[in-house]
Amino acid sequence: MLRIRLPDGKVLESKGQITVAEAARMIGPKLAKDALAGEVDGKVIGVDYLLPADGEVAFRVFTQKDPQALGVMRHSCAHVMARAVMRLFPDVQLAFGPTIEGGFYYDMGLAHSITEDDFPRIEEEMRKIVGQDEPFERFVEPRERALALCDQMHQPLKVEHIGDGLKDERTLSFYRQGEFVDLCRGPHVPSAGRIGAFKLLSVAGAYWKGDQKRQQLQRLYGTAFFTQQDLEAHLHQLEEAKRRDHRVLGKQLELFTTSPLVGSGLILWLPKGAMIRATLETFVREELVKRGYEPVYTPHIGRVEMYETSGHFPYYSDSQFAPIEMEEGERYLLKPMNCPHHIMIYQSKGRSYRELPVRLAEFGTVYRYEKSGQLGGMTRVRGFTQDDAHLFCTPEQVADEFRGCLEMTQMMLKAVGMDDYRVRLGFRDPASDKYVGRRELWDRAEAELEDVCKTMNLPNMEKPVRGEAAFYGPKADFLVTDCLGREWQLGTVQLDYNLPSEERFGLEYIGADNAPHRPVMIHRAPLGSLERFIGVLIEHFAGAFPLWLAPEQVRVLPVSEKFTTYGTHVTEQLRAAGLRVTVDVRPEKIGAKIRDAQLAHVPYMFVVGAREMEGGSVSVRDRIDGDLGAMPLVAAIDKLKAEVAARTVRQKVKMSRPQIGGGTAENEY
RNA sequence: GCUAGCGUAGCUCAAUCGGCAGAGCAGUUGAUUUGUAAUCAACAGGUUGUGGGUUCGAGUCCCGCCGCUAGCUCCA
């Protein structure tokens with residue numbers, strides 16, 4: 001006797017052992033017809049699964065309306081795609097075909113290299129398969145027979161996977177769909193006809209099991225939805241996202257550029273982009289002073305020996321610009337990190353407990369030789385500037401200082417209206433040997449960090465992730481998602497007991513007991529890299545920066561050349577008031593001037609003609625709300641200055657994570 | 001770094017099968033003197049990323065390099 005508890009609290013009873021589909025039929029015939037998958041005690045399963053013979057289960061049925069069903073259907077669609085590819089090309093080796101956010105992919109090894117030109121015929125073949133509406137049939141085999149079956153189907157990657165990834169499984173499940181049989185945990189929708197609208201999106205290389213040393217496969221990406229409308233809405237959204245790509249806007253709005261002659265991954269800040277950066281830097285500097293930081297400056301290079309002591313050189317030698325070799329064995333490294341330099345400043349004199357915490361801040365430019373394939377826009381570059389600082393404090397001060405750093409990061413993100421982020425605690429992976437320092441120090445640092453974060457009510461905070469620590473200490477990273485759904489680490493706060501230690505720099509301060517003690521270090525960069533931060537900011541605002549950050553805050557638009565003199569006068573007044581202003585004196589019609597200013601995302605336009613000249617006023621046009629009417633020039637200046645001072649963020653469209661609609665099933669093979 | 005795709009005027013793009021490199025915008029000049037998202041005209045703009053090769057002939061085909069893009073891998 002099985003008791004089946006439904007979401008609404010009702011309980012059904014079944015004497016014999018029944019499948020999900022049969023249970024659905026007990027609830028209602030319509031539901032049974034629409035059922036795509038089920039859930040038993042929180043686990044998503046197919047409609048053909050048998051429920052337990054007795055006991056009680058929490059049960060529900062998923063239809064098109066449920067995001068969980070979308071995940072299951074996409075996985076089925078991945079199978080259909082693989083089947084289509086196998087029909088079109090010989091000797092296809094299947095690897096993994098999971099669902100991902102926004103769709104699915106399937107990794108395959110085959111001789112023909114698939115290009116986008118192949119997509120139409122693959123999709124055509126998929127349509128045929130969906131049209132035939134054959135069922136997905138699950139069957140389970142013991143290990144030996146499963147191995148024999150995969151071998152017989154010439155699927156060496158599946159054979160290998162049974163041997164390592166699935167070595168603890170006694171039985172293995174397969175899904176058959178016509179001639180296509182695939183080792184797969186499932187679940188799947190009942191039949192191919194239940195797959196709605198789909199589209200192949202892209203193809204790229206991927207290593208077998210993510211290992212660079214192993215075979216490279218072709219990863220075919222696609223997406224699927226239950227309706228054509230949903231698919232089109234999704235594709236439209238991808239197009240929109242492309243339009244606010246910071247690389248596109250950066251060019252259009254003349255914010256930054258690069259040059260092959262300067263080198264790839266090296267950003268040239270154009271005047272407008274530099275203005276945004278300078279404004280942001282000023283904001284940060286003012287905040288640092290308020291919070292008791294002391295600005296310092298350090299060189300762009302340092303002796304290799306210093307980085308050997310810190311550990312950066314041995315740990316990251318392959319992602320650094322090679323050392324500069326001078327005579328007599330003198331070697332310098334282009335600095336990959338600011339911390340050793342700041343440590344030298346700490347060490348420049350004896351320190352007393354009375355002066356701690358010492359907080360040394362610098363917009364420090366660092367250089368890292370990132371591999372060519374991972375460069376992109378402003379978000380992944382080879383030279384970048386961190387809003388960096390290092391805090392040296394007593395062990396008793398750690399919690400307060402760490403909290404202060406997190407608060408500053410939250411404050412900065414709030415100031416630019418970026419509230420959609422998550423915080424990830426990165427702890428060490430106990431099994432890895434890539435970390436420096438003693439275990440007790442690590443345990444202590446991790447516990448402290450977690451304690452502080454727990455008291456802070458950080459948004460979207462997650463459990464600590466093992467293996468995400470810096471090599472010298474655990475950290476809290478602030479991750480934001482860009483308009484294309486990619487997630488970027490911006491701010492970071494890291495706790496470090498190791499660089500101050502005897503084995504590294506041996507830092508000290510004299511305590512109240514007149515004896516030397518070891519300080520603790522905190523590394524922190526609320527914005528992370530200015531390059532990446534502003535790249536993400538461009539997308540966040542879609543190029544339309546709030547008044548306080550806009551490179552050009554006001555554009556004065558004389559109605560005709562007759563009013564150039566008055567327009568210039570207004571411009572001078574605005575400039576004298578500390579606003580960033582230009583005047584458009586081209587012999588153009590006012591409509592054209594407005595259009596150009598709108599397209600340049602200038603927050604305010606001051607239209608001036610005969611009426612305004614008469615009364616010493618301006619007609620204010622707002623980028624978002626349009627014509628606000630005339631007001632005295634002084635009033636307009638006050639209005640703008642107030643908005644700058646308040647750092648008001650007004651956005652027409654708010655950046656949102658791509659709404660990709662739903663659930664991914666965890667089906668990694 | 002790996003796999004794949006791409007590279008034409010400042011920008012966005014066109015150029016049939018290998019057969020005279022072209023348009024819009026931006027720019028310059030002139031005319032127009034304009035009231036809330038594009039006034040008109042003329043002019044100028046190119047070693048088709050780069051170096052080789054095939055060919056009577058290469059933007060187009062082949063090879064190397066540089067750069068960009070997607071994904072993989074990595075990210076102090």
Side-chain angles (χ1 to χ4, degrees), chain A residues 100 105 107 113-117 201-221 242 245 247-248 251-252 254 257-265 307 310-316 318-320 335-340 366 368-377 379-380 386 426 434-436 468-473 475 477 484 486 488-489 492 494 496 499 523 525 529 532 557-564 586-599 605-612 619-623 626-630:
Chain A
I100 50 171
Y105 67 77
D107 284 349
S113 76
I114 296 174
T115 70
E116 294 194 11
D117 297 337
L201 296 176
S202 60
V203 59
Y207 299 103
W208 169 230
K209 299 210 166 182
D211 186 343
Q212 241 182 112
K213 289 180 216 74
R214 300 215 228 187
Q215 174 181 359
Q216 190 158 25
L217 307 166
Q218 299 188 58
R219 177 170 296 179
L220 202 45
Y221 285 87
K242 262 187 214 162
D245 187 325
R247 293 164 298 198
V248 174
K251 191 178 270 183
Q252 238 169 51
E254 299 181 359
T257 190
T258 55
S259 150
L261 207 51
V262 173
S264 47
Y307 290 104
S310 72
H312 290 103
F313 186 67
Y315 276 84
Y316 294 99
D318 51 350
S319 51
Q320 283 165 357
K335 85 171 163 190
M337 269 307 247
N338 299 304
C339 30
V366 296
R368 299 175 187 176
Y369 194 81
E370 307 285 1
K371 285 183 285 181
S372 61
Q374 64 192 23
L375 297 171
T379 42
R380 240 9 234 290
Q386 299 171 308
K434 76 170 198 177
Y435 305 99
V436 299
E468 280 293 334
F471 72 84
Y472 46 71
K475 58 180 184 169
D477 289 331
L484 296 173
R486 296 172 297 202
W488 298 101
Q489 179 194 311
T492 182
Q494 312 176 347
D496 179 5
L499 293 186
H523 308 235
S529 120
R532 175 177 296 175
L557 309 178
V559 166
S560 83
E561 281 178 296
K562 284 185 204 155
F563 310 106
T564 300
R586 293 174 304 165
E588 278 291 351
K589 285 167 72 167
I590 190 67
K593 293 185 184 183
I594 287 171
R595 180 170 194 270
D596 290 342
Q598 286 285 159
L599 292 175
M605 289 149 266
F606 286 3
V607 176
V608 293
R611 295 201 293 268
E612 289 76 12
S619 277
V620 178
R621 186 188 161 95
D622 180 273
R623 172 178 68 191
D627 193 356
L628 301 182

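Scope of the values below: all heavy atoms of this structure, side chains included, with no hydrogens, waters or symmetry mates. Proteins come first, then strands; the chains are lettered A, B, ... in the order of their sequence lines, and each starts at number 1.
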**OP:** Output the single nucleotide from B:rU34, B:rC74, B:rA76 whose closest atom is nearest the side chain of A:K371.
**Re:** B:rC74
Original post:
Of the nucleotides B:rA38, B:rC11, B:rA76, which has the atom closest to the A:K251 side chain?
Top reply: B:rC11
Below 4.0 angstrom from OP1 or OP2 of [N], is there any side-chain N or O of [X]?
X: A:R368; N: B:rC75; value: no
X: A:K209; N: B:rC72; value: no
X: A:K475; N: B:rA76; value: yes
X: A:K562; N: B:rU34; value: yes
X: A:S264; N: B:rG67; value: yes
X: A:K242; N: B:rA70; value: no
X: A:R586; N: B:rA26; value: no

Would you say the base of [N] and the side-chain of [X] have a donor-acceptor pair closer than 3.5 Å?
X: A:Q218; N: B:rU3; result: no
X: A:E612; N: B:rG35; result: yes
X: A:S202; N: B:rG5; result: no
X: A:R380; N: B:rC75; result: yes
X: A:S319; N: B:rA76; result: yes
X: A:R532; N: B:rC75; result: no
X: A:Y207; N: B:rG1; result: yes
X: A:S113; N: B:rU3; result: no

**OP:** Give a yes or no answer on whether the side chain of A:K434 reaches the backbone of A:F471 with a donor-acceptor pair at less than 3.5 Å.
**Re:**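 Such a contact is absent between A:K434 side chain and A:F471 backbone.
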Original post:
Would you say the side-chain atoms of A:R368 pair up with the backbone N or O of A:P336, donor to acceptor, closer than 3.5 Å?
Top reply: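 It does hold such a pair.
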For [N], give its Watson-Crick or G-U wobble partner with both distances under 3.5 Å, or none.
N: B:rC61; value: B:rG53
N: B:rA44; value: none
N: B:rG5; value: B:rC68

Subject >> Residue A:K209 excluded, over 12 heavy atoms near NZ under 6.0 Å >> reply: yes
Subject >> Distance between C1' atoms of B:rU47 and B:rA9 (Å, rounded) >> reply: 13 Å
Subject >> Gap in Å between the two C1' atoms, one belonging to B:rC61 and one to B:rG22, rounded >> reply: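 B:rC61 and B:rG22 have their C1' atoms separated by 23 Å.
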Original post:
By centroid distance (under 5.5 Å) and plane angle (under 30°), are A:F471 and B:rA76 in a stacked arrangement?
Top reply: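 Stack criterion not met.
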Once you round it to whole Å, what is the distance between [atom2] of [N] and [atom1] of [X]?
X: A:R214; N: B:rU73; atom1: CZ; atom2: P; value: 13 Å
X: A:Q216; N: B:rG71; atom1: CD; atom2: P; value: 14 Å
X: A:Q320; N: B:rA76; atom1: CD; atom2: P; value: 13 Å

**OP:** Specify whether A:Y472 and A:H312 have parallel, tilted or perpendicular ring planes, treating 30° as the upper limit for parallel and 60° as the lower limit for perpendicular.
**Re:**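 The rings of A:Y472 and A:H312 stand perpendicular, inter-plane angle above 60°.
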Subject >> Nearest atoms (heavy-atom pairs only) where A:Y315 meets A:V436 >> reply: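 For A:Y315 versus A:V436, the nearest heavy atoms are OH-CG1, 3.0 Å.
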